[in-house]
Protein chains: 2
Amino acid sequence: MSEKKEAIKQNAIDLFYKKGYFATSIGDIARPTGIRKSSIYYHYQNKEDILFDILKTTMLDLDRSLEEHIEGVDDPEQKMRSAITSHIIFHIERQKEVIISDSELRGLSLENYKAITKMRDKYEHKFQALIKNGIQKQVFVDYDFKIISYGILTMCTAVALWFRPKGRLPKREIAEMYTDFIIDGLKKKHDRQRSSASKKGRG
Amino acid sequence: MSEKKEAIKQNAIDLFYKKGYFATSIGDIARPTGIRKSSIYYHYQNKEDILFDILKTTMLDLDRSLEEHIEGVDDPEQKMRSAITSHIIFHIERQKEVIISDSELRGLSLENYKAITKMRDKYEHKFQALIKNGIQKQVFVDYDFKIISYGILTMCTAVALWFRPKGRLPKREIAEMYTDFIIDGLKKKHDRQRSSASKKGRG
DNA sequence: GTCTATAGATGGATAGAC
DNA sequence: GTCTATCCATCTATAGAC
């Protein structure tokens, strides 16, 4: 990808994050790039094409981060810890892009929408497999693994919404706190059981 | 509020939820209401006014639900349980409106934006007070109560994003599962401590 | 309270010169 | 690869009749 195209993409990320996709015009993107709006069309087919480029790259990088973090880890608890850490750190470091990914899917055509949600679903399934594995190995409480995976992922995804680079706590500490909280909620305690009567007798 | 105005509001909710605020035109809202787009302006000053009406009502109702749920409950754990239940059930029953509330704040002028975020902040502070109280009474682990409150709230807020009325589990069961998970993660265990070395020595 | 008609502005996208 | 110029569609909002 050419340097100019990269610049357009980065300016689009800044603007889609700050103003939203629909409220950002091609002219808005062209201005900080130092070119006229018509020149954008030399690099991208249309406005949606820019959005799609951002979303696709983000999903690919997110997935790669997960794979790198869990590679070679066998213990179910440690593997889940690594996965959560990867997710949180990525959502802090790529704050703008993941917020766009979570809020601007409506800007995509049906075809592109399907492509992105397919990637997202595959990513989510990897998390669900980790939880399912922990439950089967009797390390985790037998929650409904799909429902609980939504909760865990969204809780970590939302870090991107409130994290401030100059905030009180460093990213590693936030990632550790959330990982502790989640693993503590997931782990089976051998001296006691869940207090609620809603516990399921699956498996 | 007149019946016609209510109808306009409800159609706006449906459309803002499905297409987004910026992608919805005044004409789109007028059509299912059975009037022409110019007639909308008899009931509302402008497009933003409709959005603001929706957001304000939603925040007021959300806050009232919380107050009703925790009223008269004294035990810190039970109070937190009631608060979480209120939040989840509301986000399931008012799915469309809360999703609009979480994604369309950019459609507001600065003044209206401040009014809504002020209400939201007050609501969040009530949750933080519950967690803080539980920590002080030594019922909850001494996590950073602000950071952990973000995680808890967003995890429950996100239920609105994936919940399907005809889905596998009824709303009460989902609320119970999440409440168990969160309380379990929050509660102090008298026979063991957090495994991580990151535990803070505040208080 | 709703209508028709239209002002007034903006934005995505293309044509064609350089 | 970038420019100027422009087409065309769309949208918010208002004016004024009924």
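Throughout, protein chains are lettered first and strands after them, A, B, ... in sequence-line order, and every chain is numbered starting at 1. The structure presented is a predicted model; accordingly, all values stated were derived computationally and were not measured.
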Rounded to the nearest angstrom, tell me the gap between atom CG in B:N46 and atom P in C:dG8.
19 Å
Starting at OH of A:Y41 and ending at C1' of D:dT4, how long is that distance when rounded to a whole Å?
16 Å
Which residues satisfy the salt bridge (Lys or Arg N to Asp or Glu O under 4.0 Å) test with A:R36, sequence neighbours excluded?
none
Sequence-distant partners of A:F22, side-chain contact (heavy atoms from CB on, under 4.5 Å), two or more places apart
B:F22, B:A23
Pairwise N/O distances under 3.5 Å, protein to nucleotides 1-3 of chain C:
from	atom 1	to	atom 2	distance (Å)
C:dG1	OP2	B:Y42	OH	2.6
C:dT2	OP1	B:K4	NZ	2.6
C:dT2	OP2	B:H43	NE2	2.8
C:dC3	OP2	B:R36	N	2.5
C:dC3	OP2	B:S39	OG	2.9

B:S149 meets the side-chain contact (heavy atoms from CB on, under 4.5 Å) criterion, sequence neighbours left out, with B:Q128, B:I131
Write down the distance between OH (B:Y44) and P (D:dT12), rounded to a whole number of angstrom.
16 Å
Positive for side-chain contact (heavy atoms from CB on, under 4.5 Å) with B:F181, one of A:V141, A:D184, A:I147, A:I152:
A:I152
Can you tell me the distance, in whole Å, between the NZ atom of A:K47 and the P atom of D:dA9?
19 Å
Considering residues at least two apart in sequence or located in another chain, which fulfil the side-chain contact (heavy atoms from CB on, under 4.5 Å) criterion with B:D53?
B:M1, B:K9, B:Y44, B:T57
So, using side-chain contact (heavy atoms from CB on, under 4.5 Å) as the criterion, who are the partners of A:N133 when residues are at least two apart?
A:P76, A:K137
Which ones in residues 5-31 of chain A lie close to DNA chain D, meaning a heavy atom under 4.0 Å from one of its atoms?
none
Which residues share a salt bridge (Lys or Arg N to Asp or Glu O under 4.0 Å) with B:E67, sequence neighbours left out
B:K126
Would you please name every residue forming a side chain to side chain donor-acceptor pair (under 3.5 Å) with A:T179, sequence neighbours left out?
none
